Every structure is written in structure tokens, then in C-alpha cells.
Enquirer: 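Quick one: the structure is below, and I'll ask about it shortly.
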Amino acid sequence: MIIMKFGGTSVGSKERIFNVANIILKFNSNQIIVVVSAMAGVTDKLISLFEKYKVRDYLSAHSELVNLYAIHKLGLDDKSIHSLFEELNIYLTLCTEFKPADYDHVISFGEKLSSHLLSAAINSLGIKSNPIDSSSIIITDNNFGNGKALLDQTETKAKSVISPLLSQNVIPIITGFFGANLDGEIVTLGRGGSDYSATILANVLDASEVILWKEVDGIFSDDPKKTNNAIFYPSLTYDEALELSKNGAKILHPEAMIPVQAKNIIVRVKNTFNPDHPGTKIWKSK
Ligand code: ASP
Ligand code: MG
């Protein structure tokens with residue numbers, strides 16, 4: 001079983017979404033579980049939408065909402081997209097306290113939307129897939145904005161939702177970035193948290209491998225988009241990857257290595273724009 005996570009830029013447009021759908025198709029001989037981030041920039045826009053409602057700037061909030069809707073109206077499962085926007089609009093309209101729980105609830109919509117878009121794209125290519133809301137499978141503590149997974153509870157939930165899908169050859173397209181606490185409230189896992197979602201699922205489902213699909217060839221010493229001197233790492237240990245995620249390279253979520261290191265699950269960081277490049281392999285030894 002392989003867990004594949006796709007980052008925001010990789011699903012940043014209709015064309016990119018179909019590119020991802022085709023990458024998934026190529027791996028389809030394996031059991032695949034997909035974790036998806038919000039489309040590029042969407043989480044930031046949801047944060048700004050929340051802030052505008054909070055200060056009752058309804059005029060700007062409305063135009064932000066219209067803009068977000070336009071980004072997602074791609075002729076892919078428009079009906080679900082429309083109902084998600086209705087749900088978001090109602091939630092914000094009825095929100096009074098704007099608590100951390102409300103914030104997490106609102107910013108989870110980016111992944112809810114992208115999971116429907118990607119699933120629709122895959123289905124249109126003739127492969128069965130279902131969008132899955134991770135609040136039904138990843139159980140977290142109560143740390144809104146920076147939740148940690150409770151692995152035992154998550155294992156039970158994840159298996160009960162995912163196993164029936166896999167046995168019917170349906171690819172689960174799971175929202176990254178959030179789970180829910182024991183009271184069922186949505187808790188986000190920190191910015192860039194979809195990496196962590198993928199490795200949590202790899203741990204509880206005993207996956208053989210995780211592929212973190214990004215928009216660069218793998219892990220570099222520096223941001224390769226900003227400097228020409230960045231050194232490429234073909235392989236890293238979990239500890240080295242963890243160090244790099246702390247050192248501002250910002251390529252991995254700081255919690256993401258913990259669930260895979262615990263079970264020695266191989267992680268690959270690969271590029272959706274250059275899928276034949278081997279990427280960076282993260283493993284216990286070099
Ligand atoms: N969409 C979330 C963020 O922008 C999570 C992620 O991209 O991994 O932080
Ligand atoms: Mg993102």
C-alpha cells in the first residue's frame with residue numbers, strides 16, 4: 001500500500017489536477033491512498049475570509065467568497081462544490097464567537113473542496129475514487145491550529161472507513177491538513193499539515209511507502225526556486241529530514257517524520273512537474 005500526498009501547487013488548476021489524476025492512474029496497480037492539500041493559496045484566502053467576517057467587513061468578505069468560488073468552479077463535480085460553499089457561507093453567517101475551533105472549521109474547507117475536484121477528475125478517467133473527509137478518520141488532541149494525532153483511535157477509524165473502499169477498488173481521496181477531536185470538532189494540524197496527514201495514515205494502515213508529491217525534485221539544502229546554490233539530497237535519514245524541516249527549509253511539516261520513523265516506512269519526496277525524477281528517499285540509513 002502506498003500513500004500519496006499532493007501539495008497545493010500540484011492541484012493548483014484544472015490542468016494540474018488532471019496531471020495528478022494521470023500520475024495516480026500510473027500507480028494504480030498498487031493499493032493507493034491519496035491525501036490532498038487545498039489548491040495553492042486557498043488556505044490563506046480562507047484565513048483572510050475568516051478575519052473579514054470576524055471584524056464584520058461583510059463587503060470584502062463577500063468578494064473574497066465569490067473569488068474563492070470562482071477558483072473552484074472548474075466543471076468538476078460543480079454540485080458538491082456549490083453545496084460546500086453554501087455550507088461555508090452558512091457557517092460564517094451564523095458564527096458569533098470566532099473561536100479557534102471556528103477558525104479551524106473554516107480553514108478546513110480548502111481540502112474539502114480539492115478532494116472533490118481531484119476525485120471527480122480521477123472518476124472521469126474511468127477509475128473509481130471517493131472523496132473522504134479526514135475528520136471521520138484522523139482523531140486528534142484538542143490543540144486547535146496545531147493538533148497531534150491520537151494514533152490508536154485513528155487506527156480503528158481509518159481502517160473501518162478505508163478498508164471497505166480498497167476492497168472494492170475505490171481510491172480514497174482524503175482531505176489533508178485536519179482531523180477531528182474526540183468531540184468531533186475539526187482540528188487542523190498546522191500549516192503544511194498534509195504531509196503529517198499522509199504519514200499518520202501510513203503509520204496506522206502499515207503502508208509500505210509514502211510519496212510526498214511536491215513542485216520541486218525533492219529536498220534541497222535551500223529553496224531551489226530562490227537560489228542556484230541549493231544542494232540536492234538524493235537520500236536522507238529521518239533525523240536529517242527532521243533537522244531540515246526545522247531549519248526553515250520549510251519543505252516538510254515538523255511532525256511528519258515521527259509516524260513513519262516509528263515503523264521504518266520509506267518516504268519519497270517527488271515532483272509532480274517532473275514525475276520521472278527519482279526524488280529524495282527518506283529512510284533510516286543513507
Ligand atoms: N493547505 C494547508 C496549508 O496551506 C495544508 C497543506 O498545504 O499541507 O497549510
Ligand atoms: Mg497549502
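The structure presented is a predicted model; accordingly, all values stated were derived computationally and were not measured. Each ligand, and each atom within it, is numbered from 1 in the order the structure gives.
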Enquirer: So, Asp77 and Ser80: side-chain donor and acceptor under 3.5 Å apart, yes or no?
Expert: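 Yes, side-chain donor-acceptor contact under 3.5 Å.
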Enquirer: I'd like to check whether Thr43 has a polar contact with ligand 1, where a contact means an N/O of the residue lying under 3.5 Å from an N/O of the ligand.
Expert: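 Looking only at distances, the answer is yes, because the N/O contact criterion of under 3.5 Å is met.
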Enquirer: Report yes if some N/O of Lys5 lies less than 3.5 Å from some N/O of ligand 1; otherwise report no.
Expert: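 No, Lys5 has no N/O under 3.5 Å of an N/O on ligand 1.
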Enquirer: Using a 4.0 Å heavy-atom cut-off, say whether Ser37 meets ligand 1 through its side chain, its backbone, both or neither.
Expert: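 Under 4.0 Å from ligand 1, Ser37 contributes side-chain atoms alone.
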Enquirer: Is it true that His253 lies under 4.0 Å from ligand 1, counting heavy atoms only?
Expert: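 His253: no contact with ligand 1 (<4.0 Å).
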Enquirer: Looking only at the side chains, is there a donor atom on one of Asn271 and His277 sitting less than 3.5 Å from an acceptor on the other?
Expert: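 Side chains of Asn271 and His277: no pair found under 3.5 Å.
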Enquirer: At the 4.0 Å heavy-atom cut-off, does Gly8 count as touching ligand 1?
Expert: no
Enquirer: If the cut-off is 4.0 Å to any non-hydrogen atom of Arg191, which atoms of ligand 1 fall inside it?
Expert: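 Near Arg191, the atoms of ligand 1 are 3 (C), 4 (O), 9 (O).
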Enquirer: For Gly193, take its heavy atoms, then give the atoms of ligand 1 lying under 4.0 Å from any of them.
Expert: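 Those of ligand 1 that fall under 4.0 Å from Gly193 are 5 (C), 6 (C), 8 (O).
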Enquirer: Taking atom types as modelled, is there a side-chain donor on Glu64 or Ser48 under 3.5 Å from an acceptor on the other?
Expert: yes
Enquirer: What are the two closest heavy atoms between Asp44 and Arg191, and how far apart are they?
Expert: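 Shortest heavy-atom contact: OD1-NH1, 3.0 Å.
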Enquirer: Please report the C-alpha distance between Phe98 and Tyr53 in whole Å, then the side-chain angles of each, then the deciding distance to 0.1 Å, and finally whether the ring pair (Phe, Tyr, Trp, His ring centres under 6.0 Å) criterion is met.
Expert: CA-CA 9 Å; Phe98 296 90; Tyr53 265 93; 7.1 Å; no
Enquirer: Between the side chains of Thr188 and Asp104, is a donor N or O closer than 3.5 angstrom to an acceptor N or O?
Expert: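 Indeed, the side chains of Thr188 and Asp104 share at least one donor-acceptor pair under 3.5 Å.
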Enquirer: Would you say Gly192 has any N or O atom under 3.5 Å from an N or O of ligand 1, going by distance alone?
Expert: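 So ligand 1 has an N or O lying under 3.5 Å from an N or O of Gly192.
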